[in-house]
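If you read the sequence from its start, that first residue is 1, and numbering goes on from there.
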Amino acid sequence: QVQLVESGGGLVQAWGSLRLSCAASGRISSIYTMGWYRQSPGKQRELVARITGGSTTNYADSVKGRFTISRDNAKNTAYLQMNSLKPEDTAAYYCKLEISYVRSYWGQGTQVTVSS
């Protein structure tokens, strides 16, 4: 059973930086896509960034140029480096492991709060 644990969230001022980590406690294949999603009160969960097993990346327009997703397959861990944070980035951030179109695993989330 795969367990995903996010860490690195917290309170940060605007223009600050945070790095989120998503560690898989069970061994996973490096071919699987991993992603970061976020959800703030009153809004739908949205894709922030994805990275495939081949290290192809995709970003939401709102975070392009500010966020970077990466992975360390030896550590079964994905990262989200967040720079130039804005108050509108405030949300719960969730890690997702995509096994197939119909099977995914989610972490419990980590809160990011950006103050102005």
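Sorted by first then second residue, the side chain to side chain donor-acceptor pair (under 3.5 Å) pairs that include residues 75-86, not counting sequence neighbours, are Ser17-Asn83, Gln81-Asn83.
With hydrogens and angles disregarded, no donor-acceptor distance shorter than 3.5 Å links the side chain of Gln39 to the backbone of Ala91.
Within 6.0 Å of the CD atom in Glu88, the count of heavy atoms belonging to other residues, nucleotides or ligands exceeds 12. By the neighbour-count criterion of 12 heavy atoms within 6.0 Å, atom CH2 of Trp106 is densely surrounded, having more than that number from other residues, nucleotides or ligands.
Residues Tyr37 and Leu97 do not share a hydrophobic cluster, defined by chaining ILVMFWY side chains whose heavy atoms lie under 4.5 Å apart. Under the 4.5 Å side-chain contact rule for hydrophobic residues, Tyr94 and Leu80 do not share a cluster. Leu18 and Phe67 fall within a single hydrophobic cluster, where Ile, Leu, Val, Met, Phe, Trp and Tyr are joined by side-chain heavy atoms under 4.5 Å apart, directly or via other members.
Here NZ of Lys96 is found 9.5 Å from OG1 of Thr33. Values are rounded to the nearest 0.5 Å. Rounding to the nearest 0.5 Å gives a distance of 7.0 Å between CZ of Arg71 and OG1 of Thr52.
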Output side-chain donor-acceptor pairs under 3.5 Å for residues 53-63, partner residues at least two apart or in another chain, one line each.
{"unit_1": "Tyr59", "atom_1": "OH", "unit_2": "Ile69", "atom_2": "N", "d": "2.9"}
{"unit_1": "Asp61", "atom_1": "OD1", "unit_2": "Lys64", "atom_2": "NZ", "d": "3.1"}
{"unit_1": "Ser62", "atom_1": "OG", "unit_2": "Arg38", "atom_2": "NH2", "d": "3.4"}

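Ile99 is not listed as a side-chain neighbour of Val2, based on a closest heavy-atom distance of 4.5 Å or more. With contacts defined as side-chain heavy-atom distances shorter than 4.5 Å, the pair Met82/Asp89 does not qualify. Under the 4.5 Å side-chain criterion, counting only non-hydrogen atoms from C-beta, Gln111 is in contact with Thr90.
Trp36 and Cys22 get closest at one heavy-atom pair: CZ2-CB, 3.5 Å. Minimum heavy-atom separation, Ala24 to Leu4: CB-CD2, 3.7 Å.
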